[in-house]
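Here is the structure we will look at, set down as structure tokens.
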Amino acid sequence: MGTITEISRQRKNKNRVNVFLDGVFVCGLDALAVVKYRLEPGVEISEGELSAIQLESETGTAFDKAVKFVSVRARTTAEIKKFLGEKGYTPEVIKAVLKKLKEYGYCDDRKFCREYVNAYRGKSGVNKIRAELKRLGADPVAAEEALEEIDSQEEAAFAAAEKYIRTHRDFVMVKLKHHLYARGFSYSDIDAAAARVAEEYPSSDEKDF
């Protein structure tokens, strides 16, 4: 049990307030909920009770915000959690929203990873894709399952090499390889692409190959 010490309006959303118990921020609430449940400084209430109030009054609003968030582009579960957490929603509300999003097919890390891999497998190497999925907070198991679908990226690496050559006519093979490595391609795919470059672009600096 704690005591409400402060209820302040949020700067970015005047219709929401931040609630503090014993001087510590606990959650954000819709201003109407504060009026409905007669919350004000001095009122004794537990974090659990505040969570229940938010769960009842704000799950719908949180769900609508989450849907708008994922409508811009597909998101990982971790991204949605972070987004809702930054909006001030409690773990209970976030859990309820994620459950509903999964039921509607808006939250699925396995699907996200498969679609991400398919979208970028022809542009970036497997190592870069793996790093990006990790940065986005994708489930590690789901990420690896999707990455296992990538066999060879020799064609993608060669396409990236040709693109590099178009803007670096006097390229050096070592620098080209470094470029492909930075794009996340494996050593085997880089070597295969470099061999094709040496055959098809004889003007390249083959002494560095």
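Please read these numbers as outputs of a predicted model, since none were measured by experiment. The first residue of the sequence shown is numbered 1, and numbering continues consecutively from there. Keep in mind that the numbers below use all heavy atoms, side chains included, and drop hydrogens, waters and symmetry copies.
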task: Please indicate whether Q10 has more than 12 foreign heavy atoms, meaning atoms of other residues, nucleotides or ligands, lying under 6.0 Å from its CD.
output: yes
query: Is there a donor-acceptor pair under 3.5 Å between the side chain of S57 and the backbone N or O of A33?
result: no
query: Salt-bridged, R114 to E145, with N to O below 4.0 Å?
result: no
Donor on one side chain, acceptor on other, D109 and T77, under 3.5 Å: yes
query: Side chains of S124 and F185: does their closest heavy-atom pair fall under 4.5 Å?
result: no
Side chain Q54, main chain G88, donor-acceptor under 3.5 Å: yes
task: Give the cluster check for F112 versus Y106: same hydrophobic cluster or not, with ILVMFWY residues linked at side-chain heavy-atom distances below 4.5 Å.
output: no
- request: For R121 and E149, indicate whether the former's side chain and the latter's backbone hold a donor-acceptor pair under 3.5 Å.
  value: yes
Approximate separation, where rounding is to 0.5 Å, of K99 NZ and K95 NZ: 8.5 Å
task: Carefully, step by step, assess I4 and E40 under the rule side chain to side chain contact (heavy atoms under 4.5 Å, CB included).
output: CA-CA 7 Å; I4 296 178; E40 60 183 24; over 6 Å; no
message: Tell me every residue that passes ring pair (Phe, Tyr, Trp, His ring centres under 6.0 Å) with H178, counting only those two or more places apart in sequence or in another chain.
response: none
- request: State, with a plain yes or no, whether a side-chain heavy atom of V93 is found less than 4.5 Å away from one of L84.
  value: no
task: Spell out, as yes or no, whether a donor-acceptor pair under 3.5 Å connects the side chain of T5 to the backbone of G23.
output: yes
- prompt: Is there a side-chain contact between R38 and V43 (heavy atoms, below 4.5 Å)?
  reply: no
- prompt: Mind checking whether T76 and K81 have side chains closer than 4.5 Å, heavy atoms only?
  reply: no
Main-chain N/O of Y164 paired with H168 side-chain donor or acceptor, under 3.5 Å: yes
field: Under 3.5 Å side-chain donor-acceptor pair for D189 and S186
entry: yes
query: Counting distance only, does the side-chain N/O of R75 pair as donor-acceptor with the main-chain N or O of V70 below 3.5 Å?
result: no
- prompt: Looking at Y120, is K123 sitting on its ring face, NZ or CZ under 6.0 Å from the six-membered ring centre and within 45 degrees of the normal?
  reply: yes
Donor-acceptor contact below 3.5 Å, side chain E49 vs main chain S46: yes
- line: dist C27:SG -> E92:CD (nearest 0.5 Å) comes out at 9.5 Å
- prompt: Any chance the rings of Y104 and F63 have centres within less than 6.0 Å?
  reply: yes
message: Quick check: do Y37 and E56 have side-chain heavy atoms less than 4.5 Å from each other?
response: yes
- request: Look only at the side chain of R9 and the backbone of N15, and say whether a donor-acceptor pair between them is shorter than 3.5 Å.
  value: no
message: Quick test of your reading of the model: are E103 and K100 salt-bridged, counting only N-O distances below 4.0 Å?
response: no
- request: Hey, could you give me the CG/CE distance between D22 and M1, rounded to the nearest 0.5 Å?
  value: 11.0 Å
task: Verify the cluster assignment for F25 and I45: are they in a single hydrophobic cluster under the rule of side-chain heavy atoms below 4.5 Å apart?
output: no
task: Calculate, to the nearest 0.5 Å, the distance between atoms CD1 and NE2 belonging to I190 and H179 respectively.
output: 10.0 Å
query: Tell me, do C107 and I80 make a side-chain contact under 4.5 Å, heavy atoms counted?
result: yes
- prompt: Can we say E79 and R73 salt-bridge, meaning some charged N sits less than 4.0 Å from an Asp/Glu carboxylate O?
  reply: yes
- prompt: How many angstroms lie between atom NZ of K128 and atom CZ of R135, to the nearest 0.5 angstrom?
  reply: 10.0 Å
query: When you check the gap from the basic side-chain N to the acidic O, do K36 and D30 get nearer than 4.0 Å?
result: no
field: Distance, nearest 0.5 Å, that separates OG1 of T90 from CG of L50
entry: 9.0 Å
- request: From the options V97, T61, L29, select the one residue that forms a side-chain contact (heavy atoms from CB on, under 4.5 Å) with Y89.
  value: T61
- prompt: Should the heavy atoms of other residues, nucleotides or ligands under 6.0 Å from OH of Y181 be counted, would the total exceed 12?
  reply: no
query: So is R110 actually on top of Y116's ring, under 6.0 Å and inside 45° of the axis?
result: no
message: Could you tell me if the side chain of L21 sits less than 4.5 Å from the side chain of T3, heavy atoms only?
response: no
